[in-house]
Amino acid sequence: MTQSHEYSEKLWKEALHYLPGGVNSPVRAFRGVGGTPFFTQRAKGSHLWDVDGNEYIDYVCSWGPMILGHAHPKVVRAVQEAARDGTSFGTPNPREVRLAQLVCEAFPSIQKVRFVNSGTEATMSAIRLARGFTKRDKIVKFEGCYHGHADALLVKAGSGGATFDVPDSAGVPADFARNTVTLPLNDFTAVDAVNWREIACVIIEPIPANMGLIPLKSGFLEKLRKLTQESGALLILDEVISGFRIARGGAQELYGIQADLTTLGKIIGGGLPVGAFGGRADVMDMLAPVGPVYQAGTLSGNPLAMAAGIATLEELSQAGTYEKLERLTTTLCDEWKKIVKGHHVRIGSLFCTFFTDRDVVDYASAKTSDTKRYGRFFHGMLERGVYLAPSQFEVGFVSLAHTEADIEQTLRAATEAVRAL
Ligand code: KE4
């Protein structure tokens, strides 16, 4: 399939002139796989079209938000209707109350919630709240987990940190990082060695999906829940990816564990900028204007973003939603793992193949993957109309809009792309 990329190439030159690295988020620059990124003109359902008219089956889904598929009519209509009444008020508005209700109904551990504009803002604010509540400074995170780009969390971070080998970003003062204790994922001994009485909180992705997809060992989350309960440290589950993805109530519903604080993003905004953090009322009421922990945002609770989130969550609450996602992903992954050699992981509608013959249990073992081979496979798939994550250290997302025909085309493309390797 001969694809032209003439207009993308032209736009890329302009983008490089105005935007650092030509992008507004590093992973989009294709540095993890080589080549020039395509510029998307429009998207519908499970497909993207680039500015040269090339069509792709999309397994990135804007890194998770587009679980209904792109341009879902109910979401588009909700945003259009909201926009007709104004785009931002800076006052309370009825839609933020409705979305808060939908979030609290889905997550029993969330008694109160505050909306922000990104996952980063959510985790940054949750950390500050945990420090304010416990009056402790130190936090615990896990190597390779990514919680957005707030200073305290850009320590041994995944996602772009793993892709570009900059897990510890420049510009983060050493004394910031000093308060961040980073442990290897799934390492029970390391967790036991922490003096939890001096820890404000531990933050973890309950479904680690930012160094590729790496399941937590059985009992690991329960151990963190127990150690935090005993020591007064707070358990923060970063469900920015897993919330409303793995189940309506996220990984907490799957594991039957309640967090003290939960961070959300992506899906709850239906493709518009929304993040959220919520949890125990006694903790959340430490937030201004009630308590002494300050946090604010001009566009927090924005009516258009709330409208997109409400339409998305209401559509997801239809019966059979998660069963359909499971079925579609099983159809894809059962055949995929016979075609593509590597270490396969699939959790719900998330999937990932590490191009390594090693078992992958943490960041170090994920990094044994052959990223060059992944890059060649990525381009082999792209040339055949299938868009995977442009990094070995991200994951694939299946949406409710993916069809059996999409999956058949994907498997055919994978067979040819592997042969071409
Ligand atoms: P944002 O600030 O990008 O909205 O959310 C940060 C974040 C927080 N927590 C988790 C578990 C996340 O996965 C993310 C963001 N995910 C990456 C993709 N793995 C966003 C893609 C990008 O950086 O462009």
Side-chain angles (χ1 to χ4, degrees), residues 19-33 37 40 58-67 115-127 139 141-164 166-167 169 185 202-214 216 236-246 250-252 259 261-277 297 299-300 302 305 308-309 347-348 350-352 363 366 387-397:
L19 304 166
V23 291
N24 287 302
S25 198
V27 73
R28 303 177 191 171
F30 276 21
R31 293 207 176 188
V33 290
T40 299
D58 178 17
Y59 288 104
V60 179
C61 298
S62 181
W63 305 97
M66 309 322 294
I67 192 168
F115 293 114
V116 291
N117 302 284
S118 69
T120 293
E121 260 193 278
T123 57
M124 174 180 75
S125 310
I127 297 286
I139 67 170
K141 77 174 286 288
F142 293 89
E143 197 172 9
C145 282
Y146 178 71
H147 306 288
H149 63 86
D151 282 348
L153 293 166
L154 269 188
V155 180
K156 294 199 175 59
S159 184
T163 305
F164 306 112
V166 279
S169 169
L185 192 73
V202 53
I203 183 167
I204 188 168
E205 296 174 59
I207 312 268
N210 279 292
M211 49 183 134
L213 190 57
I214 300 185
L216 295 184
I236 302 179
L237 293 185
D238 180 354
E239 299 227 42
V240 166
I241 285 186
S242 53
F244 293 97
R245 162 72 56 183
I246 292 302
Q252 290 172 66
L261 290 176
T262 301
T263 52
L264 297 167
K266 296 181 192 277
I267 288 172
I268 65 167
L272 270 68
V274 179
F277 62 108
L299 295 171
S300 297
N302 173 272
I347 304 174
L350 302 173
F351 65 96
C352 167
Y363 182 72
Y387 177 47
L388 300 174
S391 161
Q392 165 71 91
F393 304 107
E394 299 286 355
V395 297
F397 298 86

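Atoms within each ligand, like the ligands themselves, are counted from 1 in listed order. As the structure is a prediction and not an experimental result, all values here were calculated from the model.
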Sequence neighbours excluded and cut-off under 3.5 Å, please list the side-chain donor-acceptor pairs for residues 202-212, or say none.
residue	atom	partner	partner atom	Å
Glu205	OE1	Ala209	N	2.8
Glu205	OE1	Asn210	ND2	3.0
Glu205	OE2	Tyr146	N	2.9
Glu205	OE2	Asn210	ND2	3.2

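Every residue meeting the side-chain hydrogen bond (donor to acceptor under 3.5 Å, both in side chains) condition with Ser391, not counting sequence neighbours, appears here in chain and number order: Thr163. Among residues two or more places apart in sequence or in another chain, the side-chain hydrogen bond (donor to acceptor under 3.5 Å, both in side chains) test is passed with Ser159 by Glu394.
Here the two rings, on Phe351 and Tyr59, have centers that are under 6.0 Å apart.
For ligand 1, the protein residues placed under 4.0 Å by at least one non-hydrogen atom are Ser25, Val27, Trp63, Ser118, Gly119, Thr120, Tyr146, His147, Gly148, Ser159, Glu205, Asn210, Asp238, Val240, Ile241, Lys266, Glu394.
When only modelled atom types and interatomic distance are considered, Thr262 and Gln252 share a side-chain donor-acceptor pair under 3.5 Å. In this structure, a donor-acceptor pair under 3.5 Å is absent between the side chains of Asp238 and Thr123.
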